[in-house]
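Values below: all heavy atoms of this structure, side chains included; hydrogens, waters and symmetry mates excluded. First the proteins, then the strands, lettered A, B, ... as listed; each starts at 1.
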There are 4 protein chains.
Amino acid sequence: MLKPDKRDEILRAAIKLIAEYGFHGAPMAMIAVRAGVGAGTIYRYFENKDVLINELYRELEDKIRKYILSGYSTERPIRERFVHLNTKLFRFFIEFPLHFRYLEQFHNSPYGAAYRRDKILGESDEKDVFMRLFEDGLAQQVMKDLPILILFCLSFGPLITSMRDHILGFISLDDIMIERITEACWDGVKR
Amino acid sequence: MLKPDKRDEILRAAIKLIAEYGFHGAPMAMIAVRAGVGAGTIYRYFENKDVLINELYRELEDKIRKYILSGYSTERPIRERFVHLNTKLFRFFIEFPLHFRYLEQFHNSPYGAAYRRDKILGESDEKDVFMRLFEDGLAQQVMKDLPILILFCLSFGPLITSMRDHILGFISLDDIMIERITEACWDGVKR
Amino acid sequence: MLKPDKRDEILRAAIKLIAEYGFHGAPMAMIAVRAGVGAGTIYRYFENKDVLINELYRELEDKIRKYILSGYSTERPIRERFVHLNTKLFRFFIEFPLHFRYLEQFHNSPYGAAYRRDKILGESDEKDVFMRLFEDGLAQQVMKDLPILILFCLSFGPLITSMRDHILGFISLDDIMIERITEACWDGVKR
Amino acid sequence: MLKPDKRDEILRAAIKLIAEYGFHGAPMAMIAVRAGVGAGTIYRYFENKDVLINELYRELEDKIRKYILSGYSTERPIRERFVHLNTKLFRFFIEFPLHFRYLEQFHNSPYGAAYRRDKILGESDEKDVFMRLFEDGLAQQVMKDLPILILFCLSFGPLITSMRDHILGFISLDDIMIERITEACWDGVKR
DNA sequence: GATGAATGAGCGTTCATTCAT
DNA sequence: GATGAATGAACGCTCATTCAT
């Protein structure tokens, strides 16, 4: 039976190397060495490099979802939900900066474009937490009357850019700073 | 003697191909073909692919600076300057979507990190327009009392994320929408 | 204890896959799956792939020998024996086209050359049916005075080439056609 | 400009290595070494290994056609034409045993099956010399009334099998032997 | 100065074989 | 005895770079 341990080691090695050196700067052989497995072993767990990259993304997404959803309730006021999600996202990425880098790599690549296209245009079973938040915000007339995608950009665009600078070491995001950025973003979306 | 025309052709070919296919999806040979020059010729103008990529970035930055600075005056009120820069940036990227894609590729790569590090930490002769704007905004107590880098993120983070969606075709940014996004960002940074 | 059933399953799987996809188009893992055994199990019955390939050939040869020898008697006239062998061979290959394909693959490979060398030049205990037929044909002056190997080629060369075309579906060999080809070959070898 | 010399060297190396070791026993790297070129160079002349293999086959076919057609006239009697083609083929293969081995490898592989299918079923511009010979033979009632493909097998099947044995060193085909085999084949096809 | 044929290191991937279970 | 996960050498192929013309 395929060992989850090994699969995890491969995933961990891949995320680290890809986050650091980019997709084509992280050869399969290097990932294998770092994971402590043979080169061929990776292919027992992932059909090919593309599949590895995509599956890795999906695992990360799941991990994030679980993280930010803990303690989250759609019953709370919009503003509180907004702050919750924003704060949790910041915390997650600060705790796992490699994940952030990986996600950024992914989004800025053909992989990411295709994925995002599927997600936005495709038939999705469950409604996204974020979409839901903005829909509620609009319905309750708490947020500016803008397309949901735009509200999303206003809410999380600064998070993405400031995380970049944090990871590069140009700024340091502590709890206070996170709170203030989140507040500023709220000022941007609130009516 | 090296011909500027040829250099330009190479740069134009590179930007188009890299924006579309990514750094490693755009081989030198392909760039050469598209530029209408021999493969070896590129190396007379650029020491290697890395140099080409970096110089291309610098050219783009210059082009953007010139574009957004036209009609710009540091004598005008902060808010007006803010709107001017934001609007111009949107217009530039909508007019030259390839440039935006290239920039994004660049920022999310070892190239970008190294470059940004040099720029922020290094000794820069001229003060950046944006830095200047935020310094003035702080001095005049018009903007929130936040680090300049954070103000930058709040001001342009949403621009970047919404441009991504615009280029992928998920939203359509017209003048009205640009104005509304810019207003929202202003709400975010203004005191 | 090693089970003959399992050995047979492996052999059956190997012949089918190799006949269809060639030696290097039939990985051991694929053979194992088709045989319903573990990949490592094959190596308990056959030292390695080469051995498997060679033993498979020998099994096939045995099977053919048994098939064509049923009802065969060296007491009958040359011509009748010739027709018997030729016809039986045709029938065998038409019934088991995979066997024919396998044999052809084998003969046209380093395996085949080595094997044939051993057989012709080596010390063989039992005299080959075919050799015996041609020796008798020569002794009785019924066949052309040619080297035995040449008589063999004249007798069975057309069989091989026409079987190829039959299997590929270019011609259809029925009993009448088999008889006529056999007659023609006889015309070729008879004095 | 691509040098025909180099292309020829690659072809020569490929034919030798493939004839000796088979398609998968002759890696591109080995072909490159033997041809005295870099590994990547092969790909400037041939899109990939498959193309190299197919093109090599076509070159060989051309070479054979030219060789056997020299001095050939469709005006001569059937028998003479038959003897001419048969003899020339023998001579060609004896002179170029590697070519024979290569052809056999090719015919016994997916390449060969596909090719033969195209040739027989496809729309061919020029009528094949052999087809033409057998059609004339049938029309003049000189040959047995059999399908053309069968006449072909009767005429050249023995050639193929005896060439195999000649190359392996089991028999030695001199002019006399060639003549006698050809005569025997004629006995097989003639009415 | 310009070329593009030539190069070979390095990539993603396969598969015969091994060995711990 | 049987298994199949693990291995890594070896494959086909790409592409940044060089250099003879």
Task: Candidate pair D:R7 and D:E59, rule salt bridge (Lys or Arg N to Asp or Glu O under 4.0 Å), full reasoning - done: CA-CA 12 Å; D:R7 199 187 124 96; D:E59 302 246 339; 2.4 Å; yes

Task: Test log, rule salt bridge (Lys or Arg N to Asp or Glu O under 4.0 Å), inputs C:E61 and C:K66 - done: CA-CA 9 Å; C:E61 233 186 5; C:K66 273 174 198 137; over 6 Å; no

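- Rounding to whole angstrom units, CD1 of residue C:I42 and P of E:dC19 are separated by 18 Å.
- Going from atom CE of D:M30 over to atom C1' of F:dC13 covers 17 Å, rounded to whole Å.
- Taking atom CD1 on B:I18 and atom P on F:dC15, their separation rounds to 13 Å, with Å as the unit.
- Taking atom CZ of residue C:F46 and atom P of nucleotide E:dT18, one finds them 16 Å apart after rounding to whole Å.
- Between the CZ atom of D:R44 and the P atom of F:dC15 there is a distance of 13 Å, rounded to whole Å.
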Open item on the list: Dot-bracket, 5' to 3', for DNA chain E please: Watson-Crick or G-U pairs under 3.5 Å, [ ] where pairs cross earlier ones, | where the partner sits on another strand, dots elsewhere.
Closed with: .||||||||||||||||||||

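- Heavy-atom minimum distance, A:N48 versus A:Y43: CA-CE2, 3.9 Å.
- Ring centroid separation for the pair B:Y57 and B:Y111 does not come in under the 6.0 Å cut-off.
- Put simply, A:K6 has no side-chain N or O that comes within less than 4.0 Å of OP1 or OP2 on F:dA5.
- Taking 4.5 Å as the limit, every side-chain heavy atom of C:P110 sits out of range of all side-chain heavy atoms of D:Y21.
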So which protein nitrogen or oxygen atoms get under 3.5 Å of nucleotides 13-17 of chain E's nitrogens or oxygens?
{"from": "E:dT13", "atom 1": "OP2", "to": "A:Y43", "atom 2": "OH", "distance (Å)": "2.9"}
{"from": "E:dT13", "atom 1": "OP2", "to": "A:K49", "atom 2": "N", "distance (Å)": "2.9"}
{"from": "E:dA16", "atom 1": "OP1", "to": "C:K49", "atom 2": "NZ", "distance (Å)": "2.9"}
{"from": "E:dA16", "atom 1": "OP2", "to": "C:M28", "atom 2": "N", "distance (Å)": "2.5"}
{"from": "E:dT17", "atom 1": "OP2", "to": "C:Y43", "atom 2": "OH", "distance (Å)": "3.2"}
{"from": "E:dT17", "atom 1": "OP2", "to": "C:K49", "atom 2": "N", "distance (Å)": "3.0"}

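- Phosphate contact (OP1/OP2 of E:dA2, side-chain N/O of B:Y45, threshold under 4.0 Å): present.
- Cation-pi check for A:K63 over A:F96 is met; the charged atom lies under 6.0 angstrom from the ring centroid and within 45 degrees of its normal.
- Here the P atom of nucleotide E:dG1 and the CD1 atom of B:I10 are 13 Å apart, to the nearest Å.
- Within the 3.5 Å criterion, the main-chain N or O of A:I53 finds a donor-acceptor partner in the side chain of A:Y102.
- Nearer to the 5' terminus of DNA chain F, by closest-nucleotide assignment, is the contact made by C:G36 (compared with the other of A:G36 and C:G36).
- The shortest side-chain heavy-atom distance between C:H99 and C:I64 does not fall under the 4.5 Å cut-off.
- Salt-bridge annotation for C:E20 and C:R101: absent, with no side-chain N of the basic residue lying under 4.0 Å from a carboxylate O of the acidic one.
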